[in-house]
Number of protein chains: 2
Amino acid sequence: MTDESVCQCDHIHETEVSNTKKTMLKDDDYIALSTLYKMFADPTRIKLLHALEKSELCVCDLAALLGMTKSAISHQLKALKLSDLVKFRKEGQNVYYSLADDHVKLIIDMGLEHINE
Amino acid sequence: MTDESVCQCDHIHETEVSNTKKTMLKDDDYIALSTLYKMFADPTRIKLLHALEKSELCVCDLAALLGMTKSAISHQLKALKLSDLVKFRKEGQNVYYSLADDHVKLIIDMGLEHINE
DNA sequence: CAAACAGTTGAACAATTATTCAACTATATT
DNA sequence: AATATAGTTGAATAATTGTTCAACTGTTTG
């Protein structure tokens with residue numbers, strides 16, 4: 001099956017397309033990238049990340065801050081944890097969450113720049 | 001209704017929470033931010049953006065490059081257009097798309113950095 | 001003018017996902 | 001040991017979303 005049969009096109013700019021093809025990454029890389037950005041693609045999660053820029057907070061603090069249930073927050077923190085965007089430490093009954101690294105702040109700031117222009 | 005009644009928590013670190021609250025943005029800002037990142041949160045769209053880093057391409061080119069139908073590509077380009085991530089120019093039957101500004105490349109590169117560590 | 005092609009669009013369908021709810025674990029307190 | 005609280009978890013539900021399909025617009029060419 002040719003590319004043309006998939007895209008239903010006859011006249012393709014072949015040199016540009018083949019040049020671009022060389023610069024493209026593996027499919028898995030794009031999936032990994034989009035999976036990362038999915039974490040920033042939800043208001044609740046981006047609030048959590050932004051809140052944790054300031055200081056570490058426990059699940060209760062975050063739930064109170066966002067006005068949401070502990071369960072909802074815990075579910076989202078789990079997703080952020082799986083994407084290595086937050087880390088945590090346990091202390092007694094509390095679990096304190098914090099940002100995993102500086103990229104998180106940089107990515108959020110980059111987005112804010114785009115919004116505010 | 002108090003925050004506590006929503007989050008089901010009794011012992012909240014009040015000073016940390018109220019300090020963090022001061023640094024938080026308006027809800028609309030978080031919605032705008034997450035809406036922006038939603039555009040990067042899909043493999044097809046991030047491929048389109050990455051492809052357009054190299055040179056402008058028409059819908060047919062992009063469809064051929066990604067091995068997808070013109071319709072699917074057109075739908076995603078519309079979303080990217082609405083988020084001001086791509087711009088376009090018409091020439092005869094063709095519509096050439098290109099990146100709207102440099103932020104797009106920066107945001108993708110930032111994500112790649114996080115992946116490759 | 002008619003045929004061919006590039007591109008767009010809306011509806012439909014399938015897949016993904018955010019929150020809720022209830023049940024559960026684990027730690028701390030009395 | 002019993003109770004209370006912090007946090008997690010899995011299933012269920014509702015909402016969102018990506019692709020397909022068919023029909024459409026607009027431009028070019030013979």
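Keep in mind that this is a model prediction, so the values were computed, not measured. Letters A, B, ... mirror the listed sequences (proteins, then strands); counts begin at 1.
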Counting just side-chain N and O atoms, does [X] come under 4.0 Å of either OP1 or OP2 of [N]?
{"X": "K90(A)", "N": "dG7(D)", "value": "no"}
{"X": "N94(A)", "N": "dT27(C)", "value": "no"}
{"X": "T44(B)", "N": "dG18(D)", "value": "no"}

Value in whole Å for how far the [atom2] atom of [N] lies from [atom1] of [X]:
{"X": "D42(B)", "N": "dT17(D)", "atom1": "CG", "atom2": "P", "answer": "11 Å"}
{"X": "K47(B)", "N": "dG18(D)", "atom1": "NZ", "atom2": "C1'", "answer": "13 Å"}
{"X": "L82(A)", "N": "dT17(C)", "atom1": "CG", "atom2": "C1'", "answer": "15 Å"}
{"X": "R45(A)", "N": "dT19(C)", "atom1": "CZ", "atom2": "C1'", "answer": "12 Å"}
{"X": "L62(B)", "N": "dG7(C)", "atom1": "CG", "atom2": "P", "answer": "9 Å"}
{"X": "I12(B)", "N": "dG7(D)", "atom1": "CD1", "atom2": "C1'", "answer": "14 Å"}
{"X": "K38(B)", "N": "dT17(C)", "atom1": "NZ", "atom2": "P", "answer": "12 Å"}
{"X": "I31(A)", "N": "dA15(C)", "atom1": "CD1", "atom2": "P", "answer": "17 Å"}

Exercise for the section: Please evaluate the base of dT5(D) for a donor-acceptor partner in the side chain of Q93(A) within a cut-off of under 3.5 Å? Expected result: yes

How far apart are the closest heavy atoms of [X] and [Y], and which atoms are they?
{"X": "T35(B)", "Y": "I31(B)", "result": "OG1-O, 2.6 Å"}
{"X": "I12(B)", "Y": "A64(A)", "result": "CD1-CB, 3.4 Å"}
{"X": "V59(A)", "Y": "Y97(A)", "result": "CG2-CE1, 3.7 Å"}

Practice task
Please tell me which of Q76(A) and H11(A) maps to the more 5' nucleotide of DNA chain C, matching each residue to the nucleotide holding its nearest heavy atom.
Solution key: H11(A)

Practice task
State, yes or no, whether a side-chain contact exists between V86(B) and Q76(B) at a heavy-atom distance under 4.5 Å.
Solution key: no

Give me the distances for all protein-to-nucleotides 8-11 of chain D N/O pairs that come in under 3.5 Å?
| residue | atom | partner | partner atom | Å |
| --- | --- | --- | --- | --- |
| dT8(D) | OP1 | Y97(A) | OH | 2.6 |
| dT8(D) | OP2 | S74(A) | OG | 2.7 |
| dT8(D) | O5' | S74(A) | OG | 3.3 |
| dT9(D) | O4 | S71(A) | OG | 2.7 |
| dG10(D) | O6 | H75(A) | NE2 | 2.7 |

Practice task
Check each of I46(A), L36(A), D42(A) against Y37(B) using the side chain to side chain contact (heavy atoms under 4.5 Å, CB included) test, and report the only one that passes.
Solution key: I46(A)

Handout entry: Note: K87(B)-D101(B) ion pair, threshold 4.0 Å (strictly below)
Key = no

Exercise for the section: Measure from the side-chain N and O atoms of R45(A) to the backbone N and O of K38(A), and report whether any donor-acceptor pair falls under 3.5 Å. Expected result: yes

